[in-house]
**Q** 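Take this structure, written in structure tokens, and hold onto it; I'll ask about it next.
What's counted below: heavy atoms across the whole structure, side chains too, no hydrogens, waters or symmetry copies.
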Amino acid sequence: MKTIGYIIQKEFRQIFRNKGMLPIIFILPILQLIILSNAATYEVKNIKFAYIDYDHTSTSRALIEKFNASTYFNVLTDFPSQEKASSAMLAGEVDVVLEIPNHFERKLLREKTAYLSITINAIDGAAAGVESGYVNQIVQSFNKEVKMNIMNTSKKALQPITIESIPSFWYNTSLDYKTFMVPGILVLLVTMITLFLSGMNIVREKEIGTLEQINVTPIRKSQFIIGKLFPFWVIGMGLLTVGLILAKIIFNIPMLGSLLLLYAYTSIYILVILGMGLLISNFTDTQQQAMFIAWFFVVIFILMSGLFTPIESMPKWAQIVTEFNPIKYFVEIVRMVLLKGSGLMNILPQLVKTLLYAIIMNVLAVWSYKKVN
């Protein structure tokens, strides 16, 4: 144990002497958590909205006013023709164009039905779907008001029967996207920092030649690896602590579950990441190579982790591949523990898989590490 203690002491001194590494450990995670949590959003706001009003009646103006009152749309201008509106959309000046046809009000009063034309810039399919939902909500609300007015003015009309649904939102009652995203961003930071630092640290020893000197000493392979990786395990746990404090103070993220359970799972998860870092460093000779390979796998793991897009929406083959993605389990656990208050039995399947992953990765990493006896 004394040997491991000396190695750990040496690693901490080396980390704090490296002025380039200190900002990566202490400053970069804080900035990334604050910036990414505010920038990564599913909400679509400030939609550039334009309209073509061929009817010019009080009803068409009332419909346009509904869009103008919405907080999601910026009503820009009234185009005289479809050609002008199409040119504006082509130039990127408009996102949504509403076309109100001639005799719109007359058809509503006489035929009880009328049609609207909605043109949406759908280059970003996800944003277009959200915009379409906003438009439909406003049109349906306006449609309901028009029906009520028509029936009230008709003497023979009966009182309409209305059915209202009252939604109950669990775990995120305010529907704040930050409540969903901040735990995921926290996973991202803990993963990236610990993986990059652990992988680059051992490769750096190769570059400066100290690894060869250590390999010819009586230090055992297991002692060297534990002493090398333990400081980054501590750093990973520290990043989690700082991230949780910022999440509570800045974003007021609810923490309904046991933080002790979250720390216990994270301690196992970081072993997975450290094993990956060691495995990468065993097959690379420079820090640039280690960084490139680590970044290659991290990007794939993050995009297929359910952090930004639901796993259920992925193709079947992709859903199968995600079963081998450790980041997926960490994202699920953090959200389940913090937002749902899940206990040990709720996260036991992910915990067992992560523990198995940690054993496999570290066995492969230790086995592939070559030490000269």
Side-chain angles (χ1 to χ4, degrees), residues 35-154 160 162-165 167 169 172 174-181 308-310 313:
I35 294 173
L36 292 178
S37 298
N38 284 284
T41 172
Y42 291 117
E43 292 184 321
V44 180
K45 295 183 177 180
N46 300 318
I47 303 170
K48 292 174 286 188
F49 180 88
Y51 59 93
I52 308 170
D53 187 3
Y54 292 118
D55 195 44
H56 297 291
T57 60
S58 59
T59 302
S60 65
R61 288 192 293 270
L63 175 58
I64 296 170
E65 189 58 34
K66 293 282 287 186
F67 283 94
N68 199 25
S70 173
T71 58
Y72 295 103
F73 292 93
N74 288 335
V75 180
L76 301 178
T77 184
D78 176 13
F79 285 105
S81 65
Q82 181 64 44
E83 290 75 15
K84 294 285 186 179
S86 299
S87 299
M89 183 171 289
L90 182 63
E93 300 171 357
V94 176
D95 298 319
V96 178
V97 177
L98 169 69
E99 182 178 344
I100 304 175
N102 282 321
H103 312 305
F104 174 70
E105 183 180 68
R106 183 190 306 175
K107 290 183 178 179
L108 279 177
L109 296 175
R110 294 182 180 180
E111 304 175 14
K112 305 298 187 293
T113 183
Y115 296 95
L116 295 170
S117 174
I118 306 293
T119 305
I120 301 176
N121 181 0
I123 290 181
D124 185 344
V130 174
E131 292 166 359
S132 176
Y134 291 160
V135 171
N136 287 332
Q137 288 179 4
I138 293 176
V139 171
Q140 291 301 322
S141 175
F142 178 76
N143 185 41
K144 184 178 179 180
E145 294 178 4
V146 170
K147 283 185 177 180
M148 294 291 292
N149 293 333
I150 293 176
M151 297 187 77
N152 288 335
T153 56
S154 176
T162 59
I163 301 175
E164 294 185 4
S165 61
F169 301 108
N172 186 5
S174 61
L175 299 182
D176 187 358
Y177 77 94
K178 294 179 183 178
T179 302
F180 177 74
M181 287 302 303
F308 299 106
T309 56
S313 302

**Q** Hey, does T59 have a side-chain heavy atom less than 4.5 Å from the side chain of F142?
**A** yes
**Q** Quick one: closest heavy-atom pair of V96 and V94, and the distance?
**A** O-CG1, 3.3 Å
**Q** Short question: side chain of S60, backbone of T57 - any donor-acceptor pair under 3.5 Å?
**A** yes
**Q** For the CG atom of L63 and the CG atom of L98, what is their distance to the nearest 0.5 Å?
**A** 5.5 Å
**Q** Of all heavy-atom pairs between P101 and E99, which one has the smallest distance, and what is that distance?
**A** CD-O, 3.6 Å
**Q** Would you say N143's side chain and V139's backbone share a donor-acceptor pair under 3.5 angstrom?
**A** no
**Q** Is N74 reaching over with its side chain to a backbone N or O of I47, donor-acceptor style, under 3.5 angstrom?
**A** no
**Q** Determine the minimum heavy-atom distance between E105 and D55, stating which atoms define it.
**A** N-OD2, 3.3 Å
**Q** Quick check for you: to the nearest 0.5 Å, what is the distance between N68 atom CG and L76 atom CG?
**A** 10.0 Å
**Q** Taking all non-hydrogen atoms of both residues, which atom of Q82 and which atom of Y54 are closest, and how far apart?
**A** N-OH, 3.7 Å
**Q** Which atom names give the shortest non-hydrogen contact between Y51 and D78, and what distance separates them?
**A** O-OD1, 3.0 Å
**Q** With a 4.5 Å cut-off on side-chain heavy atoms, are F104 and L116 touching?
**A** yes
**Q** Measuring from N102:CG to H56:NE2, what's the distance to the nearest 0.5 Å?
**A** 8.0 Å
**Q** Looking at every non-hydrogen atom in both residues, tell me the closest pair between A128 and N121 and how far apart they are.
**A** CB-O, 3.9 Å
**Q** Name the orientation class of the two ring planes belonging to F67 and F49 (parallel below 30°, tilted from 30 to 60°, perpendicular beyond 60°).
**A** parallel
**Q** Check the angle between the aromatic planes of F73 and Y134 and answer parallel, tilted or perpendicular using the 30° and 60° thresholds.
**A** perpendicular
**Q** Counting only N and O atoms by type, is there a donor-acceptor contact under 3.5 Å from the side chain of K48 to the main-chain atoms of M89?
**A** no
